[in-house]
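Written out below as structure tokens is the structure these notes cover.
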4 protein chains.
Amino acid sequence: MKALLLSDSKKFDLAEIATPVPTENELLIRVRACGICGSDVHGYDGSTGRRLPPLIMGHEAAGTVVEVGAGVTHLKVGDRVCMEPGIPDLSSKASKLGLYNVDPSVVFWATPPVHGCLTPQVVHPAAFTFKLPDNVSFAEGAMVEPFAVGLQAAVKARIQPGDFAVVIGAGPIGIMAALAALAGGCSRVLISDLLPEKLAIAERYPGISSVNIREKKLADAVAEATDGWGADVVFEASGSPRAYPGIFDAVRPGGCLVVIGMPVEPVAVDLVAAAAKEVRIETVFRYANVYDRAIAMIASGKVDLKPLISHTYGFEDSVTAFERAAEGRPADVKLQIKL
Amino acid sequence: MKALLLSDSKKFDLAEIATPVPTENELLIRVRACGICGSDVHGYDGSTGRRLPPLIMGHEAAGTVVEVGAGVTHLKVGDRVCMEPGIPDLSSKASKLGLYNVDPSVVFWATPPVHGCLTPQVVHPAAFTFKLPDNVSFAEGAMVEPFAVGLQAAVKARIQPGDFAVVIGAGPIGIMAALAALAGGCSRVLISDLLPEKLAIAERYPGISSVNIREKKLADAVAEATDGWGADVVFEASGSPRAYPGIFDAVRPGGCLVVIGMPVEPVAVDLVAAAAKEVRIETVFRYANVYDRAIAMIASGKVDLKPLISHTYGFEDSVTAFERAAEGRPADVKLQIKL
Amino acid sequence: MKALLLSDSKKFDLAEIATPVPTENELLIRVRACGICGSDVHGYDGSTGRRLPPLIMGHEAAGTVVEVGAGVTHLKVGDRVCMEPGIPDLSSKASKLGLYNVDPSVVFWATPPVHGCLTPQVVHPAAFTFKLPDNVSFAEGAMVEPFAVGLQAAVKARIQPGDFAVVIGAGPIGIMAALAALAGGCSRVLISDLLPEKLAIAERYPGISSVNIREKKLADAVAEATDGWGADVVFEASGSPRAYPGIFDAVRPGGCLVVIGMPVEPVAVDLVAAAAKEVRIETVFRYANVYDRAIAMIASGKVDLKPLISHTYGFEDSVTAFERAAEGRPADVKLQIKL
Amino acid sequence: MKALLLSDSKKFDLAEIATPVPTENELLIRVRACGICGSDVHGYDGSTGRRLPPLIMGHEAAGTVVEVGAGVTHLKVGDRVCMEPGIPDLSSKASKLGLYNVDPSVVFWATPPVHGCLTPQVVHPAAFTFKLPDNVSFAEGAMVEPFAVGLQAAVKARIQPGDFAVVIGAGPIGIMAALAALAGGCSRVLISDLLPEKLAIAERYPGISSVNIREKKLADAVAEATDGWGADVVFEASGSPRAYPGIFDAVRPGGCLVVIGMPVEPVAVDLVAAAAKEVRIETVFRYANVYDRAIAMIASGKVDLKPLISHTYGFEDSVTAFERAAEGRPADVKLQIKL
């Protein structure tokens, strides 16, 4: 089959690769939709400065089971599915603890030397493949991966019903965190950013209000909304070091900061301010045990991810899709490729 | 002022009582709405067999602040409020731990020798009085108390976003638990009962489906809905001993049973079945630290309690209201009195 | 090799069985010590009424690695080890959550149709085999399994440093729970039983005091020890239905009951009494992720299990060992067989 | 009575002050022992640069009840007690949640404008005064306060039985954290510092080993002790920004960092390294609900704080005591004053 291979910075080739064969407990899956993630863009335009070997990109995918390996019982040919892209060693200490995402030996799609899933057919372990209900489309199935990042953050926050949450950064992951927090029990979410286009997208969801930090300090907006008490949870999803000065002013005594965005360098954290409120700081690394939850939330209508798919390209237009993704248009949340 | 005093079983008198005076950190509140709870009915018709002294009933109330004691800072005259009816010793060991609801010295409205709030004016501590936002009516404010019971159960369950929950019993508290679970992060709730009228009310809420256990076994319905895995949380809200045989069949491995309904006698629990799945069993006693959360959830629209107010009576028709409450009509969820 | 096969009730045969061969990620282990558990005795004397197929008993074992399958990296030939006897499907939903002990597909030594480890050599997955430090003997290594049950209970209790714990029942598992609770952070443990011999053994450990419930009510002893507040945690390790009436009198408001002992029939539980204190009830099924912790606690000297090994028999005296175990002498905690 | 008043930097005066009178729910206490804390020293020598008003120092005290206010039931004249120095508003939102230490309105001994307890008699609320068992001396009672800081850290860590902990910094609070962690369930504690005198004191306790980071990197020592897995909990008790580079190398996947030491300035934290292991970061502010636990641990012998009292001075030698405290001798852990 022909796969789209990123052979150099900003250079894709159509390469002939062998169709993989599923072995025990594996599936062969016909990929039908794949989202483009920021990390794919970094690979594409070389913006992280790290040079990749020739690589098939993509890790946000859904498709149809076309062949079933021995031992698979919960899925069958024809099932519509989405795939969790990280595969751990299930017998490792971390995996046995239920923390398979932080197993040091995990392998992940589109992370060298492992190819991604932006290719017609992929083999994947059945244990990390999830059936999509009839009312969840392939496009939504391909949104499960980025939503899972937000959901992992919401799980880590240990939301209590009725919590007031803040999300810093209204990019794709910030919006995912906001939706996960809201569907995950928060009564309200306040999201902040510098770009009105991004805030406008988030605000379309009932329960989410926004603050443009060019116009108002986040801590002031939080104090107004909470009678000076502070947010139960603050999700930092911008990855910007500038989010940190004063961040604990937005958290309530005994509240929580969940760090989702990853600043490139170590960032100055005011631990005295955190300690004065005994703030708990949680960090997240991808996700574990949330794919089934994410699908249930989409299927039940608690979370509607469809408005976040800004545009869909055919496989043959993948290069155009990557070019647009690299532009980083403010009103684009997620671009997808249909295979 | 004239208060409605339950002087004997099924006998109310209009008695002249002194208007109370707020002291330090207290408020005088003009009651405007009060719901009738099952426990009020038990007091009214003597159905628990326990004979009460002459007592003013009622503990589900909202009203307006008319006088403010010294030291009160967060509320002022004219504020619309609802009141948390249990008052603990805040310096007790339980209270200092944040568990003030299980402080043995707590006093509670309409629990002898303490009168309830079905009276024109009451004095209440400011620390247990909560401001209602403009978009929350007195009627909704008086629903906060029963909703708080459901919310306490949802907090105790430690719901994770996307959980599948079961509620056994579609009476007022069962429905409250279902709504709290759903707004508190569950993707779906399955509620069970014997009476179709009760199930019909619950089912009107998106996200809640129902099973009539005259027609299908609960465990079978759960297995179908969860591919045989079981519910993350089961809320037992019927209080019936008949709910317990096989109850753990409905719970997933590592799941949780929250006991809300109170069987009069000790009930046979299959601990071997619970242990085989390492089920955690939580119990609830009223609520603590959830009133502000409940109000936030109502104000944000995450929970709509208005459809559960089946009928509202004037204060002068209180006897009629209690008579209807004592009938226990299947389609009645909550009857309220307007003062 | 010759294995001791329980061919019928109270009847052992020396049967010739093939030496197993380790495959990928497996080890061949020369068993050196094996404890006799109550469940082994039930199999031996048929006391549970359930008829077993011919079976090799034993699941509490330690030994030496004699052969290493492909892919094993953390253990090598000559390593002294102990083995966790339950083997789950690591790709199951429960295992991925870290709850591999409640994976419905777990297989366990000496549970038909799976033979136990009271045999010269066994094959076992490396992921469930743990290296013994030099200062931990084979005899202690074979005590890890029963201690792990107590440790699982201690983990489930979520002990806070300085907790006061009660253990009901001073049999082997009760003592294990007491030691795990004490080493796991409790300041003191009160253990109860009817038999002074059993209490005497427990009391030899500093930090453990005892109450003979023939002489004093447990709740009274707890009230005296805690100024009427109650125990933070009560471990029920007797499995007797008679332990349940009044059991919540011994628990503090907001405390926890951990059910370890398994009553054969459903047992009457006073849920009203539990709810009045919002007691959390935890159940345990074997253990997960505690073997390494147990070994660390033994190696560091925090737990001394050696005094609990009442007698050690040679493999050739296995029948005598089982006969004595079946006697149930009050002062016997653990009988072991040396291979 | 004559009290020792710090009237200026390094200047004490004996000032005549009125003996306070206990009102409702208060006690008058004859102080018998008081420890000197680093914060007292900062007040004494002005090392924080902040100028204090004339102030009585001291907040680590034990004594005897000499008068009892109305409403006090759990203590009586003659009781030997120790006192928790922070007094919150018990009706605040934080206090009702059980987080009274982070109530913004808390008042604390020796924190302007509130005098400390280094004075013959003090009035204190009964709810924050704790009876000492007969086997706990005044000197040990005055150690409860610094131990409570370590204990709060141990509680926040959510230690699981058998955890391996690291403590960075072997000053008084580091040693307290190490002892709390060990008694609180850890199997072993590794403590690090630059000064061999400090490490020598910590190492005298069985279960605590040490690493001098002049000789070996902390992460290397942890890797050796844990087969490369990392510590379950790292307590940062040095307050030095230099502790942070590489700190997450010492934590296991899914582990916890508890920040006790307070760097004066915001400190550069490598959030990417934390996230790669999903490390949870907890902060502590004094303590809440641990005094009774601390006393129980001392009384039961689980924690022996006596070796940490380096020297005791008479009240008349208070100035000498402060001078020595200000020297910061490496082998001094705690200096106390006997009144």
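In this text, all values refer to a predicted model and were calculated from it rather than measured experimentally. What you see below is based on every heavy atom in this structure, not just the backbone, and it leaves out hydrogens, waters and symmetry mates. Lettering follows sequence order; numbering is per chain, from 1.
- In this structure, no portion of D/Leu257 lies under 4.5 Å from any heavy atom of chain A.
- Each of D/Ala276, D/Gly254, D/Pro241 has some count of heavy-atom pairs under 4.5 Å with chain A, and the biggest count is that of D/Ala276.
- A/Pro266 is not listed as a side-chain neighbour of D/Leu271, based on a closest heavy-atom distance of 4.5 Å or more.
- Most heavy-atom pairs under 4.5 Å with chain D: of the set A/Val272, A/Val279, A/Val259, A/Val267, this distinction falls to A/Val267.
- When the heavy atoms of residues 168-176 of chain D are compared with those of chain A, none of the residues falls under 4.5 Å.
- Contact tally against chain D (heavy-atom pairs below 4.5 Å) for A/Pro253, A/Ala268, A/Ala275: the top residue is A/Ala275.
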Donor-acceptor pairs under 3.5 Å, chain D to chain A, main chain and side chains both?
| residue | atom | partner | partner atom | Å |
| --- | --- | --- | --- | --- |
| D/Asn101 | ND2 | A/Glu278 | OE1 | 3.4 |
| D/Asn101 | ND2 | A/Glu278 | OE2 | 3.1 |
| D/Gln152 | NE2 | A/Glu278 | OE2 | 2.9 |
| D/Lys156 | NZ | A/Glu278 | OE1 | 2.9 |
| D/Val267 | N | A/Val269 | O | 3.0 |
| D/Val267 | O | A/Val269 | N | 2.9 |
| D/Val269 | N | A/Val267 | O | 2.9 |
| D/Val269 | O | A/Val267 | N | 3.0 |
| D/Ala274 | O | A/Thr283 | OG1 | 3.4 |
| D/Glu278 | OE1 | A/Asn101 | ND2 | 3.4 |
| D/Glu278 | OE1 | A/Lys156 | NZ | 2.8 |
| D/Glu278 | OE2 | A/Asn101 | ND2 | 3.1 |
| D/Glu278 | OE2 | A/Gln152 | NE2 | 2.9 |
| D/Glu278 | OE2 | A/Phe285 | N | 2.8 |
| D/Val279 | N | A/Thr283 | OG1 | 3.1 |
| D/Val279 | O | A/Thr283 | OG1 | 2.7 |
| D/Ile281 | N | A/Ile281 | O | 2.7 |
| D/Ile281 | O | A/Ile281 | N | 2.7 |
| D/Thr283 | OG1 | A/Ala274 | O | 3.4 |
| D/Thr283 | OG1 | A/Val279 | N | 3.1 |
| D/Thr283 | OG1 | A/Val279 | O | 2.7 |
| D/Phe285 | N | A/Glu278 | OE2 | 2.8 |

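- With a 4.5 angstrom heavy-atom cutoff, D/Leu99 touches chain A only via side-chain atoms.
- Of the listed residues (D/Ala274, D/Cys256, D/Ala273), the greatest number of heavy-atom pairs within a distance under 4.5 Å of chain A belongs to D/Ala274.
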